Every structure is written in structure tokens, then in C-alpha cells.
Number of protein chains: 2
Amino acid sequence: MKQKVDFSDKQKQIARIAKALSHPARVYIIERLSILNSCCTSGEMIGDIPIARSTLSQHLKELKYAGLIQGEVEPPKIKYCLNQENWQLAKKYFSNLFDNSENYEKK
Amino acid sequence: MKQKVDFSDKQKQIARIAKALSHPARVYIIERLSILNSCCTSGEMIGDIPIARSTLSQHLKELKYAGLIQGEVEPPKIKYCLNQENWQLAKKYFSNLFDNSENYEKK
DNA sequence: TCACCATTTCGCAAAATTACGAAATATAAT
DNA sequence: ATTATATTTCGTAATTTTGCGAAATGGTGA
């Protein structure tokens, strides 16, 4: 009988990262934290996006869970930053995926 | 009063593409179609992944809807291929996103 | 016409996602 | 101790996603 194989770890990893980036609010967060590698608080972000504070908090939680960001407590605030290590890893995964089709249209 | 702005088109675009890639089956499909830029049919894919035919069909439909792949009818089969134009566009969006944090750790 | 093949659509169920406001938490300042 | 500030957690509702098997579709070949 034919053996059905599970998805590869790489496929699951890419899907996990993509899922973390699959909402505009989370893309906004990542953009904000990656541009100039600047950290900031939830309160600084909330003014720029059309969602409630509690909803933003949930998105931050998901990105944290996915390992793409991390929060440092700086009472009374929490400063969020990119998790550089994992972000670079994510970059590697995606570069790899996109490079498969690299040779298209090279004569 | 403070004006809340909508998410940018760029943020929405990235989120849409990420969503399309947020399931291992869809990552598998994209990998399969992009490696060597080879097209193939649903029937050729189904043997390699642990989901039902109808479920695979749904994933193909979503990728098609997202514009990342396209299907050419070749009776009695349907040959799926990457939509190179949109895939290259996706690559651009993501490269851009990842490049924001490029200068991290440059001394 | 009838059977066959590859694939999709349908109908449905279970689970996950997104969203909000209210309430809770934790810390700092008065 | 009380108040103020920043943020999260809770409870809940609406919507979307994922999955399957059964049935439908569109085309070929006998």
C-alpha cells in the first residue's frame, strides 16, 4: 500500500511563519518593529491602526507565540522588539522558497 | 479627534499572500510548482500529502484565488503552474519586508 | 450510449480566528 | 491608601477555515 507521508518540518515552519503574517495588523507590527530595528509599546502602535487595544494585544500575543517578536517589561510599559534570531531564520526560509523559481526567464 | 487610518494596501497585500501560504499543504503545492518551475496535476500531488482529494482541491482553489497559481485544462487533466508574474511580485513584497531589518548587527 | 477518468462542488461538522468592551492586573505617583 | 497609566485577560459572538465523503461535472474512449 502507498505510504502517505506527513508534511515536512520545513513546510510546517513556513506555514507557521506565514500564518503569523497573515493579518494586516500583524504585518503592521512587524514593519514597525523592523524598520530601523525600533522597538515600541502597544500604546505607541494603537494610534495608527483601526482596531481595539485588546485586539492589538491578541495580535502581539500571537506574534510572540510564533517567536517573531518579544516583549521586555519597562514599567509601566512593555517594549516590544523583533526577535532578530527568529526573524532572520524566517527570512532564510522565505528566501529559499522564493529562490526555487529564480531561474525562470533566464535565457 | 485623532484619525484612525486603515491598513495600507501594502500591508493588506502581504497579509493576503501570507495567508495563502499559511497552510503546509499550500506550501507543499508552491514548492512543488516552483522547484524547476515544473507544472503538475492534482493527481500527481495527492500521493505525497496526507489529505483527501477534495481538500487538496480546495487548497488549489485558494491559491488560484490568491493569484499565486493557475490551472490549464489538458483533458482529462488540469495542469497547475505557478503564476510567475504574481509569484515574483510576492517575492518582491517579502524581500522588502525582510530587508527592513537588514542592517541589524552590521558594525 | 455507456463506462471511465480526473477533478471539483456540495453539504456538513469541528475547530480556529477575529473582534469588541468590560474587568482584571501590575506598577508608579500622589 | 487611592488614583492614574499601560496593558492583558475574560467572556462572548460572528465569521472563516479545514476537513471529509458523496455526488456532480466534463471530457475520452469503447
Side-chain angles (χ1 to χ4, degrees), chain A residues 2 4-7 11-12 14-30 32-33 38-81, chain B residues 2 4-7 11-12 14-30 32-33 38-81:
Chain A
K2 214 186 221 170
K4 286 245 181 174
V5 181
D6 193 22
F7 294 109
Q11 284 156 358
K12 291 182 197 164
I14 292 176
R16 268 191 49 259
I17 299 164
K19 192 171 186 177
L21 293 172
S22 72
H23 189 287
R26 297 196 291 266
V27 174
Y28 159 83
I29 295 167
I30 292 290
R32 170 121 192 194
L33 298 185
S38 59
C39 300
C40 72
T41 68
S42 147
E44 289 168 326
M45 298 186 214
I46 193 61
D48 297 339
I49 48 176
I51 58 175
R53 281 170 197 280
S54 55
T55 308
L56 170 57
S57 196
Q58 271 183 119
H59 287 304
L60 288 166
K61 191 173 162 188
E62 276 186 70
L63 285 172
K64 214 163 39 175
Y65 177 74
L68 297 185
I69 68 171
Q70 58 201 47
E72 294 165 36
V73 180
E74 249 183 33
K77 307 181 180 185
I78 298 174
K79 199 177 72 180
Y80 285 99
C81 312
Chain B
K2 216 184 214 172
K4 287 244 181 176
V5 181
D6 194 22
F7 296 108
Q11 283 157 358
K12 291 182 197 165
I14 292 176
R16 268 192 51 256
I17 299 164
K19 192 171 186 179
L21 293 172
S22 71
H23 191 287
R26 298 196 290 266
V27 174
Y28 158 84
I29 294 166
I30 292 290
R32 171 122 190 192
L33 298 184
S38 60
C39 299
C40 72
T41 68
S42 147
E44 288 167 327
M45 298 185 214
I46 193 61
D48 297 339
I49 47 176
I51 58 174
R53 280 171 197 281
S54 56
T55 307
L56 170 57
S57 195
Q58 272 183 119
H59 287 304
L60 288 166
K61 191 173 161 187
E62 277 187 69
L63 285 173
K64 214 163 36 175
Y65 177 74
L68 298 184
I69 69 172
Q70 59 201 48
E72 295 164 36
V73 180
E74 250 183 32
K77 305 180 181 182
I78 298 174
K79 199 177 73 179
Y80 285 99
C81 312

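Proteins come first, then strands; the chains are lettered A, B, ... in the order of their sequence lines, and each starts at number 1. No hydrogens, no waters, no symmetry mates; every other heavy atom, side chains included, goes into these values. Here the structure is a predicted model, which means the values were calculated and not measured.
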### Message
Just the rounded figure in Å: distance from P of D/dG11 to CD of A/Gln58.
### Response
14 Å
### Task
May I ask you to decide if B/Lys19's main-chain N or O and B/Ser22's side chain share a donor-acceptor pair within less than 3.5 Å?
yes
### Any B/Lys79 side-chain nitrogen or oxygen under 4.0 Å from OP1 or OP2 of C/dA6
no
### Query
Is the closest side-chain heavy-atom distance between B/Ile29 and B/Leu56 below 4.5 Å?
yes
### Task
Measure the shortest side-chain to side-chain distance between A/Ile51 and B/Phe7 over non-hydrogen atoms and say whether it is less than 4.5 angstrom.
yes
## Note on the structure
Which of D/dT16, D/dT8, C/dT7 is nearest the side chain of B/Lys19? It is D/dT16
### Query
How close or far is atom C1' of C/dC10 from atom CZ of B/Arg53, stated in whole angstroms?
18 Å
Polar-atom pairs under 3.5 Å, protein N or O versus N or O of nucleotides 21-27 of chain C: list them with distances, or write none.
| residue | atom | partner | partner atom | Å |
| --- | --- | --- | --- | --- |
| C/dG21 | N7 | A/Ser54 | OG | 3.2 |
| C/dG21 | O6 | A/Ser54 | OG | 3.1 |

### Message
Side chains of B/Arg26 and B/Leu21, heavy atoms from C-beta outward: is any pair under 4.5 Å?
### Response
no
### Query
Could you give the CG-to-P distance, from A/Leu56 to D/dT9, as a whole number of Å?
13 Å
### Summary
Taken to the nearest whole Å, CD1/A/Ile78 to C1'/D/dT7 is 6 Å
### Query
Is it true that atom NZ of A/Lys12 has more than 12 heavy atoms of other residues, nucleotides or ligands lying nearer than 6.0 Å?
yes
### Message
Set out, in order, the CA-CA distance, both residues' side-chain angles and the distance that settles side chain to side chain contact (heavy atoms under 4.5 Å, CB included) for B/Leu33 and B/Cys81, then state yes or no.
### Response
CA-CA 6 Å; B/Leu33 298 184; B/Cys81 312; 5.6 Å; no
### Message
Which residues in residues 59-68 of chain B have a heavy atom closer than 4.0 Å to any atom of DNA chain D?
### Response
B/His59, B/Glu62
### Closest to side chain of B/Lys77, choosing from D/dC20, C/dT7, D/dA6
C/dT7
### Message
Please list, in numerical order, the residues of residues 22-29 of chain B that have a heavy atom closer than 4.0 Å to any atom of DNA chain C.
### Response
none
### Query
Starting at CD1 of A/Ile51 and ending at P of D/dT8, how long is that distance when rounded to a whole Å?
12 Å
### Message
Whole angstroms only, please: what is the CG-C1' distance between B/Leu21 and D/dT18?
### Response
17 Å
### Shortest non-hydrogen separation from B/His59 to B/Ala25 and the atoms involved
CD2-CB, 3.8 Å
### Task
Using atom CD of A/Glu44 as one end and atom P of D/dT5 as the other, report the distance to the nearest whole Å.
16 Å
### Task
Return the minimal non-hydrogen interatomic distance between A/Ser38 and A/Arg32, and the atom names on each side.
OG-O, 3.2 Å
#### Entry: Side-chain touch B/Met45/B/Tyr80, heavy atoms, less than 4.5 angstrom
yes
### Query
Say you draw a straight line from NE2 of A/His23 to CD of A/Gln58; how long is it, rounded to the nearest 0.5 Å?
10.0 Å
### Query
Contact class for B/Ser57 vs. all strands (heavy atom < 4.0 Å): base, sugar-phosphate, or nothing?
base
### Message
In this structure, how many angstroms lie between the P atom of D/dT17 and the CZ atom of B/Arg16, rounded?
### Response
12 Å
